[in-house]
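To keep things clear, I will list the structure first and then write my remarks on it.
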Number of protein chains: 2
Amino acid sequence: MPEQKAQEMLYQARDFAEKAGVTVRALHHYDHLGLLKPTRRTEAGYRLYAEQDFARLQQIVTLKFLGMSLKQIKLLLQQGHFDVLLQLQIQRQAMEEKRRHLDRAIQAIHGAERALASGEKPNSEIYKTIIEVIEMQTNTEWLKKYYTEDQLADLAKRNTPEIMEKAQNDWAVLIQDVEANLQEDPASPTAQSLAARWAKLVEGFTMGSPELAANLSSLYKDEANWPTTFKKLYSDEVEAFIKQAMAIRKQAG
Amino acid sequence: MPEQKAQEMLYQARDFAEKAGVTVRALHHYDHLGLLKPTRRTEAGYRLYAEQDFARLQQIVTLKFLGMSLKQIKLLLQQGHFDVLLQLQIQRQAMEEKRRHLDRAIQAIHGAERALASGEKPNSEIYKTIIEVIEMQTNTEWLKKYYTEDQLADLAKRNTPEIMEKAQNDWAVLIQDVEANLQEDPASPTAQSLAARWAKLVEGFTMGSPELAANLSSLYKDEANWPTTFKKLYSDEVEAFIKQAMAIRKQAG
DNA sequence: CTAAAGTCTGACGTAACGTCAGACGCAAGG
DNA sequence: CCTTGCGTCTGACGTTACGTCAGACTTTAG
């Protein structure tokens, strides 16, 4: 229950905490760190927070959402905002690196799930399979069988690591979506929309170059020689479904 | 230096650690936790690791890469692999959530950077601006001015949160790339490739629907009424450049 | 034999609170 | 006036995965 004190609106710990979506214990903690001291205390020592405290708490919560440590936050808030932006940019770069790590881990699990689900690997080799997937992510030697050095260099220049990893994820999401819609008619709008996304991803990789498209095609035909973990990026059902949908798309298109 | 002991190859702490890319201290720690005990000890108490220990250490490192805690790893390794896959899937979901959080934070910083760089907001309002960006991510009320409920519902159904966030990021990356190539001739291959990516993203949003494309266009024309943080997703220079490149693209294509 | 390196076992420090525990404050009912 | 019940306060320990000493050995090269 908020307290009316003359002109000022004061909040007790619990109300104040709820208003900002944090716990009372967190308030204690911030107080302890000198990060946010309540405006006033009652004689008995109860913390009383005012509106201005709320603004500060907002900033703290926000910066925490952005991944900053309380120590950094304290520094930023006490030394004013003359380099907050720079700090944020540094912070962003750190987070982008974390995201790359997460992406690789997620992809690795996805890859292992597929390899094990396809039954080509026994469940007992789960660890080996995961390690293979992880190594495949950083080792692209095998691609040289299908592309010239020039083409790979060109791809590498155009596709930064971030874009590559995002593309991998795009594929994973799309394949999931397709799998969830295998019962659809390949001519249906849903299927056609999936086909459109598929075409878009392929084009995103070849970037309109017919040579690349040709090599990509030869790569896919040579399934027998792929590294084990690349096998079964998608199931035969998915392949068949997309093939049909694409045929209809071309006809319509 | 590895020790030759009859038929067995034994490694001392440091060599073993380096072989696996961890620190000696980490080995102590794992030993302490009972996660990885060395095969043997010398009389003086020096740890000696064998090949079989290496396999186990590999698994530990791998699962750690996948974001598991040592406690979880210990459980998994001791109870055999009969539900490792399930654990991995659970783990993946947790990581995907972390990824979403990271994405939102990164986008928020990006958004604030743009808003501040464009000079429409004074640097002193940096916190307010960030909060606005974060709120805009979860509040799409303003879009209703341009799309019908039906269209928004349709978009929401087709574009899961993950896809939306990824798309936002796609745009950010592309815009960065364009900015880095403003000095190019809009007819150059580089520029045309950027234009292709641009068109692809637009199509990814409208999914081929002419109504959506029309609404998107009207949204962009009504720049004056966008929420502040949506302003200047890209600079006027970028807009002009892409306009030219797209014109040439249409002509050529 | 000595100095330089490597190893061992504690033990404290880190980040951001969660979770008691023990003591006190405050308003309402008996 | 006293008792409940609920809220708050101040420690203080627990958590995670080691990093970083510190003090005492062991091993090895010269």
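Residue numbers begin at 1 in each chain, while the letters A, B, ... track the order of the sequences.
Side chain of B:Asp53 to backbone of B:Thr39: a donor-acceptor contact under 3.5 angstrom is found. Judged by distance alone, the side chain of A:Gln91 and the main-chain N or O of A:Gly67 form a donor-acceptor pair under 3.5 Å. A donor-acceptor pair under 3.5 Å is absent between the side-chain atoms of A:His101 and the main chain of B:Leu66, judged by distance alone.
The NZ atom of B:Lys64 sits 14 Å away from the P atom of D:dT16 (whole-angstrom rounding). Straight-line distance from the NZ atom of A:Lys37 to the P atom of D:dT10: 9 Å, rounded to whole Å. In this structure, CG of A:Asp15 is placed 12 Å from C1' of D:dT8, rounded to the nearest angstrom. Rounded to an integer number of Å, the gap from CG of B:Leu75 to P of D:dT16 is 12 Å. Rounding to whole angstrom units, CD of residue B:Gln72 and C1' of D:dT15 are separated by 14 Å. Counting to the nearest Å, the P atom of D:dA17 and the CD1 atom of B:Ile60 are 12 Å from each other. Taking atom CZ of residue A:Arg47 and atom P of nucleotide D:dT8, one finds them 10 Å apart after rounding to whole Å. Rounded to whole Å, atom P of D:dA17 lies 15 Å from atom CG of B:Leu57.
Atoms CZ and CZ, from B:Arg100 and A:Arg99 in turn, are 13.5 Å apart once rounded to the nearest 0.5 Å.
Residues passing the side chain to side chain contact (heavy atoms under 4.5 Å, CB included) test with A:Gln78 are A:Lys74, A:Leu75, sequence neighbours excluded. Legend: residues meeting side-chain hydrogen bond (donor to acceptor under 3.5 Å, both in side chains) with A:Arg25, ordered by chain and number and at least two apart, are absent. With sequence neighbours left out, A:Asn181 forms a side-chain hydrogen bond (donor to acceptor under 3.5 Å, both in side chains) with no residue at all. Applying the salt bridge (Lys or Arg N to Asp or Glu O under 4.0 Å) criterion to A:Arg56, with sequence neighbours excluded, gives no partner residue.
Closest contact between the side chain of B:Arg14 and the listed nucleotides C:dG6, D:dG7, C:dC8 involves C:dG6. Which of D:dT8, D:dA17, C:dG6 sits closest to the side chain of B:Ser69 comes down to D:dA17.
The pair B:Lys128-B:Glu132 does not meet the salt-bridge criterion, since no charged nitrogen lies less than 4.0 angstrom from a carboxylate oxygen.
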Please list each protein N or O that sits under 3.5 Å from an N or O in nucleotides 25-27 of chain C, with the distance.
from, atom 1, to, atom 2, distance (Å)
C:dG25, O4', A:Tyr46, OH, 3.3

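Between B:Met68 and A:His32, it is A:His32 whose nearest contact on DNA chain D lies nearer the 5' terminus.
Residues from residues 18-31 of chain A placing a heavy atom under 4.0 Å of any atom in DNA chain D, listed by number, are A:Arg25, A:His28.
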